[in-house]
Amino acid sequence: MRLVVLGGTRFVGKAICQAAYRRGYDVVVFNRGKSGPPPRGALAVRGDRTTIADLRALARMVDDRGGADIVIDPACYAPSHALMSARILKDVASSYAVISTITAHKDWPSQPVDAASPTYDTAITEGPNTNMALYGRLKAGVERAVAAIYGEMNTLVLRPGVVLGPFEDLGRLPDYLRRAAQGDFVMGGDPARAFQYVDVRDLAEFTLLCAETGRPGAFDVVTARASHTWGDLASALTATTGGTPVFVDDERLLAAGVEPWRGLPLWLPQDSEHAAVFDVDGGMAQDSGFVARPLQQTVADTWSWLQEEGPDWQPTSRAAVTGLDPDVEKALLAQV
């Protein structure tokens with residue numbers, strides 16, 4: 001297969017390119033060259049996706065190489081940018097894949113969702129916005145922008161839940177691993193509460209499986225409902241680092257000023273507003289070939305990668321976690 005990947009040097013895009021390399025695919029990555037070296041085996045084309053001239057130059061180059069089977073767009077959250085890239089690449093690539101997010105569902109996280117659940121009605125011409133609170137709304141606009149150009153039969157939309165694994169640039173699992181490696185560490189809420197995620201490598205494999213089979217449509221990509229709990233995540237962390245999890249209830253965390261989701265990664269109060277944060281039905285993806293590796297493997301592999309990166313590693317995403325203040329964690333642990 002011949003792929004054009006917009007980006008390709010960070011987390012999801014990198015995992016897709018690595019999976020494509022293992023398959024022997026012809027891969028062109030298009031980026032500004034500011035987020036790391038090009039993936040192994042890929043042809044790097046430098047350019048800015050927000051610049052029409054750069055996109056047109058990319059299209060000419062892809063056309064000269066015989067065209068592409070699919071464009072994979074793992075990071076765009078500006079509908080206007082997606083509209084522009086789809087328009088310009090339409091004649092040289094027969095299909096287009098958007099890596100979206102379950103937060104594009106307007107009812108999440110208060111209600112359970114599946115691939116058919118409604119998404120935000122965001123204008124496809126809406127421009128870039130640095131407010132990450134609008135991320136899901138903008139991703140819904142990206143989905144619509146691409147479908148407006150490619151049509152539903154040539155558009156693939158993948159909506160992952162929490163993405164974990166090696167090279168994670170948001171720092172969520174790394175935060176837990178680093179704290180766990182120091183001994184006792186705080187986790188939020190009830191260990192019996194459900195937990196869902198997707199390993200970035202499994203997301204990459206499913207993306208390429210859909211590309212190979214020419215499968216269009218929208219898929220929510222997560223581990224199966226009720227397959228894991230917060231206690232399972234705690235056990236995987238302990239098995240990997242030897243640390244001891246200490247579960248602190250929602251009320252004490254909030255009273256201590258702990259910021260949900262970004263302060264204590266992936267934790268949200270178990271209230272009506274967040275009742276279904278880990279209640280996403282990924283059955284359509286699973287029926288179509290999505291396979292999830294064991295949680296323990298995701299945690300262990302992330303720890304191995306993090307150790308290779310060294311103690312100075314820091315997350316680079318603008319949506320990166322802020323982390324739990326060490327003094328606050330110490331005080332919470334002392335209350336147990």
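Note that this is a predicted model, so its numbers are computed, not measured.
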Inset, instruction - Decide side chain to side chain contact (heavy atoms under 4.5 Å, CB included) for Val28 and Arg65; before the verdict, give the C-alpha distance in whole Å, the side-chain angles of both, and the deciding distance to 0.1 Å. - result: CA-CA 10 Å; Val28 172; Arg65 290 167 55 87; 3.8 Å; yes
Inset, instruction - Verify side chain to side chain contact (heavy atoms under 4.5 Å, CB included) between Leu209 and Arg215, making sure each step is shown before the conclusion. - result: CA-CA 8 Å; Leu209 174 63; Arg215 185 176 297 142; 4.3 Å; yes
Legend entry - side chain to side chain contact (heavy atoms under 4.5 Å, CB included) between Leu6 and Ser85, intermediate numbers included: CA-CA 9 Å; Leu6 303 182; Ser85 60; 4.2 Å; yes
Inset, instruction - Run the numbers on Val4 and Ile70 for side chain to side chain contact (heavy atoms under 4.5 Å, CB included), then give the verdict. - result: CA-CA 6 Å; Val4 175; Ile70 192 168; over 6 Å; no
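The two residues Val321 and Gly171 come nearest to each other via the heavy atoms CG2-O, 3.4 Å. Counting all heavy atoms, side chain and backbone alike, Asp107 lies closest to Pro118 at OD2-CG, 3.9 Å. Scanning all heavy atoms of the two residues, the minimum distance from Leu138 to Pro79 falls at O-CG, 3.6 Å. A pairwise comparison of heavy atoms in Val200 and Gly165 identifies CG1-CA, 4.3 Å as the closest pair. Nearest heavy-atom pair across Thr155 and Ala147 is OG1-CA, 3.6 Å.
In this structure, the side chains of Phe247 and Arg193 stay at 4.5 Å or more apart for every pair of heavy atoms. Between Gln270 and His274 there is no side-chain heavy-atom pair separated by less than 4.5 Å. Contact of the Pro315 side chain with the Asp169 side chain is not registered, since no non-hydrogen atoms from C-beta on lie closer than 4.5 Å. When side chains are defined from C-beta on, Arg159 does not count as touching Thr101, because their heavy atoms never get closer than 4.5 Å. Side-chain contact check for Leu264 versus Glu259: every heavy-atom pair is 4.5 Å or farther apart. Between Leu306 and Arg178 there is a side-chain heavy-atom pair separated by less than 4.5 Å. In this structure, Val299 and Leu233 have side chains that are in contact, with non-hydrogen atoms separated by less than 4.5 Å. In this structure, the side chains of Arg225 and Pro112 come closer than 4.5 Å at one or more pairs of heavy atoms.
Remark: side-chain polar atoms of Thr51 are not paired, donor with acceptor, to backbone N or O of Gly47 under 3.5 angstrom. Checking side-chain atoms of Gln286 against main-chain N and O of Val222 turns up a donor-acceptor pair under 3.5 Å. Asp202 contributes a side-chain N or O that, together with a main-chain N or O of Arg293, makes up a donor-acceptor pair within less than 3.5 Å. Looking at Gln196, its side chain does come within 3.5 Å of a backbone N or O of Thr223 through a donor-acceptor pair. Arg172 contributes no side-chain N or O that, together with a main-chain N or O of Trp261, makes up a donor-acceptor pair within less than 3.5 Å. A donor-acceptor contact shorter than 3.5 Å links the side chain of Ser235 to the backbone of Gly231. Counting only distance, with no hydrogens or angles, the side chain of Arg262 and the backbone of Ala320 share a donor-acceptor pair below 3.5 Å. For the pair Lys139 (side chain) and Ile99 (backbone), a donor-acceptor distance under 3.5 Å is present.
Ionic pairing of Asp175 and Arg179 is present here: one or more N-O contacts between side-chain nitrogen and carboxylate oxygen are shorter than 4.0 angstrom. A salt bridge between Asp249 and Arg252 is present, with a side-chain N of the basic residue lying under 4.0 Å from a carboxylate O of the acidic one. Taking the charged nitrogens against the carboxylate oxygens, Glu168 and Arg10 have no contact shorter than 4.0 Å, which rules out a salt bridge. Using a cut-off of 4.0 Å between Lys/Arg side-chain N and Asp/Glu carboxylate O, Asp73 and Arg49 are scored as salt-bridged. At a threshold of 4.0 Å, the pair Glu205-Arg23 counts as salt-bridged, since one of the basic side-chain nitrogens sits closer than that to a carboxylate oxygen. For the pair Asp121 and Lys106, the salt-bridge criterion is not met [side-chain N within less than 4.0 Å of a carboxylate O].
Distance CG/Leu89 to OG/Ser94: 11.5 Å, rounded to 0.5 Å. Between the CG atom of Leu83 and the CD1 atom of Ile88 there is a distance of 9.5 Å, given to the nearest 0.5 Å. Distance check, rounded to the nearest 0.5 Å: CG of Leu333 to CG of Asp184 gives 6.0 Å. Here the straight-line distance linking atom CG of Asn31 with atom CG of Asp48 works out to 10.5 Å at 0.5 Å rounding. Once rounded to the nearest 0.5 Å, the distance linking CG of Leu55 with OG1 of Thr50 reads 8.0 Å. Taking CG of Leu173 as the reference point, atom CG of Leu237 lies at 6.5 Å (rounded to 0.5 Å).
Using modelled atom types and a 3.5 Å distance limit, the side chains of Asp114 and Ser117 yield a donor-acceptor pair. Side-chain atoms of Glu143 and Ser100 include a donor-acceptor pair closer than 3.5 Å. When only modelled atom types and interatomic distance are considered, His105 and Asp220 share a side-chain donor-acceptor pair under 3.5 Å.
Residue pairs meeting the ring-ring contact (aromatic ring centres under 6.0 Å, His included) criterion with at least one partner in residues 167-203, sequence neighbours excluded, are Phe167-Trp305, Phe195-Tyr197, Phe195-Trp230, Phe195-Phe278, Tyr197-His228.
Annotation: cation-pi geometry satisfied between Arg137 and Tyr120 (NZ/CZ under 6.0 angstrom from ring centroid, within 45° of ring axis).
Hydrophobic clustering places Met1 together with Val27 (ILVMFWY residues linked when any side-chain heavy atoms are closer than 4.5 Å, directly or through intermediates). Residue Trp313 is grouped with residue Leu164 when hydrophobic side chains (ILVMFWY) are merged at heavy-atom distances under 4.5 angstrom, including chains of intermediate members. Note: the hydrophobic cluster containing Ile52 also contains Met61 (ILVMFWY, side chain heavy atoms under 4.5 Å, direct or indirect links).
The side chain to side chain contact (heavy atoms under 4.5 Å, CB included) test with Trp108 singles out one residue from Thr119, Val113, Asp279, and that residue is Val113.
Annotation: Glu152, atom CD; neighbour count of heavy atoms from other residues, nucleotides and ligands within 6.0 Å does not exceed 12. For Arg46, the CZ atom counts as densely surrounded, since its 6.0 Å shell holds more than 12 non-hydrogen atoms of other residues, nucleotides or ligands.
The side-chain contact (heavy atoms from CB on, under 4.5 Å) check on Pro260 picks up Leu254, Trp267, Leu268, Pro269, with sequence neighbours excluded. By the salt bridge (Lys or Arg N to Asp or Glu O under 4.0 Å) test, Asp54 pairs with no residue at all, sequence neighbours left out.
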